[in-house]
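Letters go in sequence order (proteins before strands), and every chain restarts at 1.
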Protein chains: 4
Amino acid sequence: MPRAVREQQMLDAAVRTFARRGYRNASMDDIAEQAGVSKPLVYLYLNSKDELFAACIRREAASLVAAIRAAVEHDAPADRRLWSGLHGFFTHTAEHPDGWALLHVQARTHGDPFAREVAAMRAEIVEFVTHLLRTAVREHGCGAARTRRMTGGEAAGLAYALVGAAESLAEWAGGRAGGGPSAEEAAATLMNFAWAGLGNLLRGERWSPGERVGA
Amino acid sequence: MPRAVREQQMLDAAVRTFARRGYRNASMDDIAEQAGVSKPLVYLYLNSKDELFAACIRREAASLVAAIRAAVEHDAPADRRLWSGLHGFFTHTAEHPDGWALLHVQARTHGDPFAREVAAMRAEIVEFVTHLLRTAVREHGCGAARTRRMTGGEAAGLAYALVGAAESLAEWAGGRAGGGPSAEEAAATLMNFAWAGLGNLLRGERWSPGERVGA
Amino acid sequence: MPRAVREQQMLDAAVRTFARRGYRNASMDDIAEQAGVSKPLVYLYLNSKDELFAACIRREAASLVAAIRAAVEHDAPADRRLWSGLHGFFTHTAEHPDGWALLHVQARTHGDPFAREVAAMRAEIVEFVTHLLRTAVREHGCGAARTRRMTGGEAAGLAYALVGAAESLAEWAGGRAGGGPSAEEAAATLMNFAWAGLGNLLRGERWSPGERVGA
Amino acid sequence: MPRAVREQQMLDAAVRTFARRGYRNASMDDIAEQAGVSKPLVYLYLNSKDELFAACIRREAASLVAAIRAAVEHDAPADRRLWSGLHGFFTHTAEHPDGWALLHVQARTHGDPFAREVAAMRAEIVEFVTHLLRTAVREHGCGAARTRRMTGGEAAGLAYALVGAAESLAEWAGGRAGGGPSAEEAAATLMNFAWAGLGNLLRGERWSPGERVGA
DNA sequence: AATGAATGAGTTTTCATTCAT
DNA sequence: CATGAATGAAAACTCATTCAT
């Protein structure tokens with residue numbers, strides 16, 4: 001069997017095992033058995049547990065980012081673009097729960113080489129979302145007379161909150177297979193969230209502890 | 001030295017160690033040394049590594065929930081109540097980074113006995129937030145003529161998104177010691193987010209893939 | 001059983017095993033079994049295979065050097081001092097063949113941390129011998145009218161040759177238990193060697209490729 | 001490429017690798033890579049790691065012995081013959097440091113099949129030297145009235161000492177590339193040593209612990 | 001109440017060696 | 001002739017856990 005195929009089999013097995021048992025609890029024996037090969041072969045192809053884990057993270061991160069980028073409907077209006085990206089995110093995480101668990105739960109837990117990789121992916125997504133938000137502002141905000149520009153910090157904060165909310169919803173959705181929201185529902189919930197917040201931001205209607213914007 | 005005190009010292013040491021090195025990487029030797037006692041004593045008081053970890057999670061979870069409950073200004077208007085709860089959350093996580101890392105990062109990583117414990121705490125917070133939201137609806141929504149009731153699913157989705165966003169912001173804030181948002185800023189960011197979304201929800205203005213509410 | 005005692009037992013076992021099977025071939029399991037303890041205990045006390053090996057070398061080197069120093073009859077004339085040192089060397093190596101094999105054969109074979117240790121010991125012995133030779137020159141050489149001083153290079157060369165010859169004889173003696181020379185004979189053989197060479201050196205009678213000093 | 005050539009390439013690579021990394025630390029992968037062939041080919045030609053190592057030892061031992069024999073100036077007087085042999089030894093070891101390290105350091109370290117091979121080579125050299133010494137005695141000793149015959153043990157002891165001293169000097173010379181003695185110097189140093197000792201032996205002037213011959 | 005001494009079981013990693021092609 | 005693919009066996013090292021005192 002050619003090397004490339006075997007390697008993917010190993011990565012599949014490793015992603016499953018790491019996601020379900022955690023990095024330290026997953027033994028190389030387990031992974032080799034799952035992959036249907038002997039342990040030395042895993043080492044021959046992937047060098048060490050660390051490198052194997054890193055390879056898993058890279059593959060899953062790339063896969064997730066690619067899925068989001070592919071899902072965005074580039075020619076649609078801004079809100080629809082944002083929605084389609086979110087939808088792609090929820091669809092992919094729902095279809096690859098192990099990969100998502102690997103990125104969201106396992107990779108963050110373990111020291112620097114791995115967490116950095118995930119942080120980089122997250123930053124890429126956050127930046128992508130920030131870009132979508134800013135484009136949306138430019139496109140839709142023009143009509144309003146009293147539109148403010150959005151500062152970088154505001155956009156980043158909004159993007160972080162959005163991504164975090166998305167991750168939380170994805171986890172909720174994944175946890176109760178079927179019982180949670182569908183990808184469409186989750187994306188819509190977030191849009192309600194984000195679109196309204198974005199509008200407020202642009203109109204300069206900001207909630208602050210002292211006064212109330214009102215519901 | 002009385003037993004209760006020794007036990008707290010051990011838990012302190014364990015929380016630090018588990019948070020910083022992860023469950024599997026933290027050895028009982030490390031913890032005993034950190035606590036300044038001998039290893040058999042740790043076993044005498046806390047039975048096993050698993051039980052010790054569980055005790056840490058329980059203590060930190062209770063501490064976080066208590067902090068949030070204590071922070072809520074019960075006699076203030078609804079928005080202020082929500083804000084004060086969020087503020088309490090951000091303050092506590094900023095002041096107890098090890099405890100927060102234990103709950104947010106470590107506890108989820110390891111199989112069922114622990115993740116369940118954290119899920120329970122999370123559920124408690126979500127329920128609490130849901131309650132705050134519903135109260136807010138009742139209180140503030142009355143004025144509006146066209147107010148809808150919020151369904152259970154809607155409230156839960158909103159709450160999950162809110163909690164996830166909060167966690168994401170807390171992590172962002174924690175990551176760049178000082179550079180990120182303060183507790184006040186983080187809480188305000190979320191309020192802008194949530195309050196607007198909540199308002200939309202009540203007014204029946206919902207974003208949906210087919211049509212656009214507009215910014 | 002107290003730690004110090006166990007530690008010596010472990011070192012005894014390790015010296016035997018390393019000497020007979022070589023560093024890489026000696027497994028920690030072997031050594032632990034030889035010592036009558038479990039493997040983790042060996043690690044608890046001696047940290048790693050490398051450190052264990054180093055500890056063996058240090059102990060045996062110190063023991064050999066001490067034996068030589070103790071054997072030298074300090075108040076005797078120079079030749080007798082040299083002889084007694086050699087005699088101490090041959091006696092000790094004959095009585096501790098494993099220790100001698102460890103130093104002479106094993107320690108040199110394996111990279112820097114260990115070879116350096118043995119080289120240091122060897123340098124100490126060479127220096128000691130050089131000192132004995134120089135003293136002998138001063139003491140006995142005076143009578144001769146035409147005595148030259150010995151240069152540092154000459155003394156070191158002689159000392160190296162002497163130590164090498166001694167090691168070779170010790171190995172010969174050790175190899176054929178009983179069949180080889182006794183410590184006395186070996187020491188005497190070397191004295192015949194060294195003493196004559198020393199005399200020639202002092203008298204300026206040097207052999208060179210072109211001419212012959214004659215037998 | 002013909003088999004014989006390939007085989008020599010493999011032996012070259014193996015000698016280098018074994019000499020520099022030690023028998024156990026040198027992997028067949030390393031050697032095959034060094035030789036520029038695939039691992040199965042090494043096995044096809046040389047059967048096993050042990051046989052490969054043995055082949056290396058045999059080749060290097062034969063090469064060293066041949067170099068010494070070739071260096072001896074058969075028609076020269078006895079002292080010159082001995083000197084030329086020593087000179088050949090030092091020259092060869094200086095020019096083939098890996099081969100010398102293999103014989104002197106590595107081969108002795110590992111159990112019986114290999115050490116025996118080296119011991120045989122050493123015995124051959126010792127015997128050769130013994131022969132040279134005895135011939136020298138016959139040739140040069142005749143003039144002296146009071147010449148004793150040399151016993152077999154005496155000759156062997158002298159030879160062993162001489163070979164050991166030579167090895168020690170070779171190691172010294174090898175260690176400090178350039179800084180140590182040249183082949184000429186090393187050989188001369190030993191001649192000063194040996195020739196004088198030999199003369200003493202023949203004249204019956206023997207050093208013994210009880211009395212002193214004097215310097 | 002508290003600890004020094006001790007270990008069984010399991011982990012990652014390496015390597016000599018062999019087929020099928 | 002030559003090799004890519006594959007593995008059984010073993011070695012270094014760690015750790016949760018328990019006694020005897």
Side-chain angles (χ1 to χ4, degrees), chain A residues 1-7 10 23-32 35-53, chain B residues 1-3 6 23-32 35-53, chain C residues 1-7 10 21 23-32 35-53, chain D residues 1-3 6 23-32 36-53:
Chain A
M1 184 168 310
R3 171 168 179 153
V5 177
R6 275 270 195 256
E7 232 174 80
M10 289 178 196
Y23 176 71
R24 288 284 318 243
N25 249 347
S27 81
M28 294 299 268
D29 278 288
D30 293 342
I31 293 169
V37 297
S38 72
K39 205 171 17 160
L41 200 59
V42 180
Y43 276 91
L44 188 62
Y45 285 176
L46 288 146
N47 299 320
S48 75
K49 196 182 186 182
D50 272 26
E51 279 190 41
L52 173 56
F53 193 47
Chain B
M1 186 172 306
R3 169 162 180 159
R6 274 260 203 265
Y23 176 69
R24 288 280 319 238
N25 256 344
S27 78
M28 293 298 268
D29 280 281
D30 291 341
I31 294 169
V37 297
S38 74
K39 213 178 357 168
L41 199 58
V42 180
Y43 276 89
L44 189 63
Y45 284 179
L46 288 144
N47 301 321
S48 78
K49 196 183 185 182
D50 274 24
E51 282 189 40
L52 172 57
F53 193 47
Chain C
M1 187 169 305
R3 171 166 179 157
V5 176
R6 275 271 196 256
E7 233 174 78
M10 290 178 195
R21 307 171 65 117
Y23 176 71
R24 288 285 318 245
N25 250 345
S27 81
M28 293 300 268
D29 279 288
D30 292 343
I31 293 169
V37 296
S38 73
K39 202 173 21 160
L41 201 59
V42 180
Y43 276 91
L44 188 63
Y45 286 177
L46 288 146
N47 300 317
S48 76
K49 196 182 185 184
D50 273 26
E51 279 190 40
L52 173 56
F53 194 46
Chain D
M1 185 171 308
R3 169 162 180 158
R6 273 260 203 265
Y23 175 71
R24 288 281 318 241
N25 256 345
S27 78
M28 293 298 269
D29 280 280
D30 292 341
I31 294 169
V37 296
S38 75
K39 213 175 4 166
L41 200 58
V42 180
Y43 276 90
L44 189 64
Y45 285 178
L46 289 144
N47 301 320
S48 78
K49 196 183 185 183
D50 274 25
E51 281 189 39
L52 173 57
F53 192 48

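- In this structure, A/Phe53 atom CZ and E/dT12 atom P are separated by 13 Å, rounded to whole Å.
- Residues C/Ser48 and C/Met28 share a closest heavy-atom pair of C-CE, 4.3 Å.
- Rounded to whole angstrom, the span from the CE atom of C/Met1 across to the P atom of F/dA20 amounts to 16 Å.
- With DNA chain F read from its 5' end, the first of the two nearest nucleotides for A/Gly36 and D/Gly36 is the one closest to D/Gly36.
- Taking each heavy atom of B/Ser38 and B/Ala32 in turn, the nearest pair found is C-CB, 4.1 Å.
- For C/Asp30 and F/dA10, the CG to P distance is 12 Å, given to the nearest whole Å.
- Look at B/Arg6 and you won't find any side-chain N or O under 4.0 angstrom from OP1 or OP2 of E/dA1.
- Going from atom CD of C/Glu7 over to atom C1' of E/dG4 covers 14 Å, rounded to whole Å.
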Every protein N/O within reach of nucleotides 12-16 of chain F N/O, cut-off under 3.5 Å:
unit_1 : atom_1 : unit_2  : atom_2 : d
F/dA12 : OP1    : C/Lys49 : NZ     : 2.7
F/dA12 : OP2    : C/Met28 : N      : 3.0
F/dC13 : OP2    : C/Tyr43 : OH     : 3.2
F/dC13 : OP2    : C/Lys49 : N      : 3.1
F/dC13 : N4     : C/Lys39 : NZ     : 2.3
F/dA16 : OP1    : B/Ala26 : O      : 3.4
F/dA16 : OP1    : B/Lys49 : NZ     : 2.6
F/dA16 : OP2    : B/Met28 : N      : 2.8

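- Figure legend: cation-pi geometry between C/Arg6 and C/Tyr45 absent, as NZ or CZ is not positioned both under 6.0 Å from the six-membered ring centre and within 45° of its axis.
- Taking all atoms of both residues into account, the shortest heavy-atom contact from A/Leu44 to A/Arg3 is O-NH2, 4.3 Å.
- Residue pairs meeting the salt bridge (charged side-chain N to carboxylate O under 4.0 Å, His left out) criterion with at least one partner in residues 36-51 of chain C, sequence neighbours excluded, are C/Asp29-C/Lys39.
- Going from atom CG of A/Leu41 over to atom P of F/dG8 covers 11 Å, rounded to whole Å.
- Remark: P of F/dT17 and CG of C/Leu44 are 18 Å apart, rounded to the nearest angstrom.
- Geometrically, C/Arg24 does not engage D/Tyr23 in a cation-pi contact defined by less than 6.0 Å to the ring centre and at most 45° from the axis.
- Within 4.0 Å of A/Arg3, counting heavy atoms only, lie sugar-phosphate atoms of the nucleic acid but no base atom.
- C/Val42 approaches C/Met10 most closely through the heavy-atom pair CA-SD, 3.8 Å.
- Residue C/Asp30 comes nearest to C/Asn25 through the heavy atom pair OD2-O, 4.1 Å, listed as atom of the first residue, atom of the second, then distance.
- One distance of note links CG of C/Leu46 with CZ of C/Phe53; it measures 13.5 Å at 0.5 Å rounding.
- In DNA chain F, stems built from 3 or more consecutive Watson-Crick or G-U wobble pairs, each with both distances under 3.5 Å, span E:2-21 with F:2-21.
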